[in-house]
Amino acid sequence: MEFKYFDIPGVVEVLPRVFGDARGAFFESFSAQRMQEAGIVGEWVQDNQSRSDRGVVRGLHFQAPPYAQAKLVRVAAGRALDVIVDIRRDSPTYGRHQAVVLDSERYNMLYVPVGFAHGFTALEDNTLFLYKCTNYYAPQAEGGLLWNDLALNIDWGVHNPTISAKDQVLPTLAEFNSPF
Ligand SMILES: Cc1cn([C@H]2C[C@H](O)[C@@H](COP(=O)(O)OP(=O)(O)O[C@H]3O[C@H](C)C(=O)[C@H](O)[C@H]3O)O2)c(=O)[nH]c1=O
């Protein structure tokens, strides 16, 4: 299991060791000890899974404290362009985003710390998106940012996505008051 770090502090890509043979492949999708050593911290209490066809955009979402969630995200089938935005007020990279392609053939994962808005584009049909969370679902604490806010300057890889009505009316970064 190898780890890749980015200019945005705290974000970690996990590149697991994959064991391929005539039957297929095997890899460890979670290791509390190895991940803590890499700075991937938190008590993982809830696993989620969503299925999206090509052109779906979900996000940008977060849960406000005290229900804030760190996430460990990957795809079990298909591919996704994962996007996270730093919304930690005192961060030198506030408002900046990081995009990483999650590929079910590369088995890579991304650690999204507390203090980030998160979303993704499904790049293929039947993209199965799996993620661990460090806090339970708390709809009363949900917040978000408008996916196509020009100030975020995010290339989602799609111009006319399938997106929920809820996500189409999220605030822009300028309108938004971060709880982090
Ligand atoms: C997130 C969540 C949702 N739900 C229910 C609530 C709705 O009836 C239904 C769909 O929820 P929503 O439209 O919020 O699903 P997504 O748009 O995929 O939301 C997720 O998308 C982005 C990418 C994220 O990072 C978050 O984990 C999460 O906000 O599932 C639950 O029962 N539990 C949950 O933890």
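Any value given below was found using the heavy atoms of this structure, including those in side chains, with hydrogens, waters and symmetry copies removed. When a ligand or atom number is given, it counts from 1 through the structure's own listing order.
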Fill in: Nearest neighbour in protein (non-hydrogen) for atom 23 (C) of ligand 1
H118 ND1, 3.5 Å
Discussion item. Less than 4.0 Å from atom 29 (O) of ligand 1, is there any heavy atom belonging to the protein?
Written reply: yes
Discussion item. Using a 4.0 Å cut-off to any heavy atom of K166, which atoms of ligand 1 qualify?
Written reply: 12 (P), 13 (O), 14 (O)
Item to complete: Considering heavy atoms of the protein only, find what lies nearest to atom 7 (C) of ligand 1 and give residue, atom and distance to 0.1 Å.
Response: Y137 OH, 4.6 Å
Worksheet item: So which heavy atom in the protein is nearest atom 22 (C) of ligand 1, and how far is it from that ligand atom?
Response: H61 ND1, 3.3 Å
Worksheet entry | Test: E124 and R79 ion pair at under 4.0 Å | yes
Worksheet item: At the 4.0 Å heavy-atom cut-off, does Q69 count as touching ligand 1?
Response: no
Practice prompt. May I ask you to identify, for N48, whether its side chain, its backbone, both or neither come under 4.0 Å of ligand 1 on a heavy-atom basis?
Written response: side chain
Worksheet item: Under 6.0 Å from the six-membered ring centre of Y111 and within 45° of its axis: does the NZ or CZ of K71 meet both?
Response: no
Practice prompt. Measure up the F129 and Y131 rings against each other and bin them: parallel (under 30°), tilted (30 to 60°), perpendicular (over 60°).
Written response: perpendicular
Worksheet item: Do S50 and ligand 1 have an N or O pair less than 3.5 Å apart?
Response: no
Worksheet item: Is the count of non-hydrogen atoms from other residues, nucleotides or ligands lying under 6.0 Å from R96 atom CZ greater than 12?
Response: yes
Practice prompt. Please state whether the rings of F30 and W44 are parallel, tilted or perpendicular, taking 30° and 60° as the class boundaries.
Written response: perpendicular
Discussion item. Ignoring hydrogens and geometry beyond distance, is a side-chain donor-acceptor pair present between E13 and N108 at under 3.5 Å?
Written reply: yes
Response to the item:
ligand 1 atoms nearer than 4.0 angstrom to some heavy atom of K71 are 24 (C), 25 (O), 26 (C), 27 (O)
Worksheet item: Is the closest protein non-hydrogen atom to atom 10 (C) of ligand 1 under 4.0 Å?
Response: no
Practice prompt. Record the part of F129 in heavy-atom contact with ligand 1 below 4.0 Å; permitted values are side chain, backbone, both and neither.
Written response: neither
Worksheet item: Got more than 12 heavy atoms from elsewhere within 6.0 Å of OH, Y67?
Response: no
Worksheet item: atom 20 (C) of ligand 1: protein heavy atom closer than 4.0 Å?
Response: yes
Worksheet item: Would Q46 count as a contact of ligand 1 if the rule is a heavy atom under 4.0 Å away?
Response: yes
Practice prompt. Can you see which heavy atom on I87 is nearest to which on F62, and at what distance?
Written response: CD1-CD2, 3.6 Å
Discussion item. More than 12 heavy atoms of other residues, nucleotides or ligands under 6.0 Å from OH of Y136: yes or no?
Written reply: no
